[in-house]
Amino acid sequence: MPFEGVDFYETDLLLSEEERAVRDTVRRFVDDEVMPIINECYIEGRFPKKLVPVMGELGLYGANLPEEYGCAGLNNVAYGLIMQELERGDSGIRSFASVQGALVMYPIYTFGSEEQRKHWLPKLATGELIGCFGLTEPDFGSDPGGLITTARETDDGWLLNGAKMWITSGSMADVAIVWAKTGRLDDQGSIRGFIVPTDTDGFSAKDQKGKLSLRASDTSELVLEDVRVPKDALLPNTSGLKSPLMCLNQARYGIAWGAVGAATACYDEALSYARNRIQFGRPIGGFQLQQARLAEMLTEITKAQLLNIQLGRLKDQGKVTPQQVSLAKRNNVNMATECARETRRLLGANGILVEYQAMRHMVNLESVYTYEGTHDVHTLILGQWATGLNAFGE
Ligand code: TGC
Ligand code: FAD
């Protein structure tokens with residue numbers, strides 16, 4: 001059955017015709033192309049690669065970047081709605097588009113030369129090329145400033161050495177944005193970004209086995225062993241830890257919207273089940289305990305929808321702060337995780353089956369809760385904003 005959406009506060013009234021049209025197009029794409037295959041992909045632990053060009057055709061990669069580079073040139077609310085609809089299907093599908101747009105195309109657009117933009121962006125926009133983003137390392141997750149991947153300047157280019165961990169799309173990627181230190185290891189300021197074609201000698205990627213979450217997503221370890229790249233592999237306008245953190249703001253923004261998609265999928269499923277499942281001679285939706293679950297979900301989804309639209313409008317006006325993005329990522333992912341968990345419980349034994357969506361979303365959202373800054377990290381970012389006191393490190 002086509003998904004009708006959840007819009008208790010008529011937030012559609014806050015959207016333009018174009019924004020609604022974009023949302024509806026992606027909604028139908030998810031109904032027609034994602035929902036029929038996602039369970040199988042999830043069980044098999046496989047990303048549905050055949051959808052890559054289809055999403056490219058729809059203009060879903062880097063959709064808020066300019067048309068002159070082959071992108072859709074949409075505003076940030078429309079971009080957010082794309083992420084919302086994709087994650088209504090599966091967090092892995094949204095992850096793929098997030099990484100491609102916010103973590104690969106955005107840094108090339110923001111920190112790249114005009115030649116780099118023209119060379120890479122159009123092919124990434126269509127999905128002809130797949131990208132990944134290597135910041136996290138085995139020993140540096142929440143604290144990326146400590147990263148120990150190095151880039152040494154040589155006569156004709158750069159020599160990269162190091163390892164990256166938990167990299168979305170890592171094994172499928174044609175190109176990796178790699179963050180490395182060009183100076184002393186204790187100097188966060190020497191962090192620079194590099195565009196590394198994955199067929200370069202010394203570059204290898206290994207699929208992360210044993211995931212119980214985001215199974216329909218490629219997550220890999222990258223190893224760079226004496227990887228030589230030319231001078232123009234450097235993203236010239238990167239300077240220090242601030243550069244990758246600017247990329248994270250873009251991805252976290254998309255996640256704040258995506259989480260609402262996952263939450264609405266769960267709410268929709270919970271509502272339908274509550275109306276139809278009979279126990280003690282009546283639909284379980286007639287019992288107060290189940291109504292409380294539904295009322296709580298509806299309330300939290302509605303608040304998150306309003307939050308996202310205002311966040312998007314601020315972003316379009318160039319006024320959004322990283323802390324506002326942190327609040328939305330933290331709140332909405334936590335909210336979606338709770339909706340998925342409550343839906344799973346409302347469904348009783350059926351809630352553990354893959355035919356129902358709740359448990360897939362629930363375990364996916366555990367990754368979303370952790371990546372792009374854990375819930376704890378965003379708590380501390382907000383705590384620092386409120387108090388002016390830094391609770392990280394020394
Ligand atoms: P700190 O000293 O606070 O900051 C260093 C410099 O960066 C500036 N800055 C930011 N700039 C832009 N946006 C932000 N969000 C920024 N946060 C900080 C800051 O002003 C400073 O600038 P300057 O000019 O003074 O040098 O750095 P710190 O080492 O204390 O770390 C701060 C902390 C912990 C908040 C940060 O490192 C952090 O966010 N950690 C979480 C790491 C993370 O989110 N990793 C994500 C990896 S990618 C990923 O997960 C992809 S999943 C994708 C998918 O599949 O969807
Ligand atoms: P740690 O940093 O080791 O944290 C462990 C625990 O300690 C957490 O509970 C954390 O909240 C807590 N903690 C840490 N510091 C503090 C503190 N100061 N105060 C209080 N508590 C603290 N990374 C990429 O670069 N590119 C990708 O494409 C990518 N994709 C990912 C895909 C998936 C499926 C997953 C799971 C991760 C991905 N990541 C990616 C990595 C992700 O960003 C990190 O996992 C995340 O930043 C947390 O790092 P960590 O796992 O090393 O946990």
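Order of appearance sets the numbers: ligands from 1, and atoms from 1 within every ligand. Everything quoted here is computed from the prediction, not taken from an experiment.
Only the side chain of Thr168 comes within 4.0 Å of ligand 1, counting heavy atoms alone; its backbone N, CA, C and O stay farther away. If you look at Pro322 next to ligand 1, the close heavy atoms, those under 4.0 Å, all belong to the side chain. Proximity of Leu380 to ligand 1, defined as any heavy-atom pair under 4.0 Å, is not found for any part of the residue. Only the side chain of Thr374 comes within contact range of ligand 2, with a heavy atom under 4.0 Å; no backbone atom does.
Checked against Thr150 for a side chain to side chain contact (heavy atoms under 4.5 Å, CB included), the options Leu160, Leu185, Thr182 give a single hit: Leu185.
The pair Lys231-Glu153 meets the salt-bridge criterion, with a side-chain N (NZ, NE, NH1 or NH2) lying under 4.0 Å from an Asp/Glu carboxylate O.
Near Thr136, meaning under 4.0 Å from one of its heavy atoms, ligand 2 places the atoms 23 (N), 24 (C), 25 (O), 40 (C), 41 (C), 42 (C), 43 (O). Ligand-side atoms of ligand 2 in range of Thr370: 45 (O), 46 (C), 48 (C), range being under 4.0 angstrom from any heavy atom.
A heavy-atom separation below 4.0 Å is not found between Val377 and ligand 2.
Protein heavy atoms all stay at least 4.0 Å away from atom 23 (P) of ligand 1.
In terms of N/O distances under 3.5 Å, ligand 2 is not approached by Thr219.
For Arg277, the salt bridge (Lys or Arg N to Asp or Glu O under 4.0 Å) test picks out no residue, with sequence neighbours left out. Contacts of Glu137 classified as salt bridge (Lys or Arg N to Asp or Glu O under 4.0 Å), with partners at least two apart in sequence or in another chain: Lys164.
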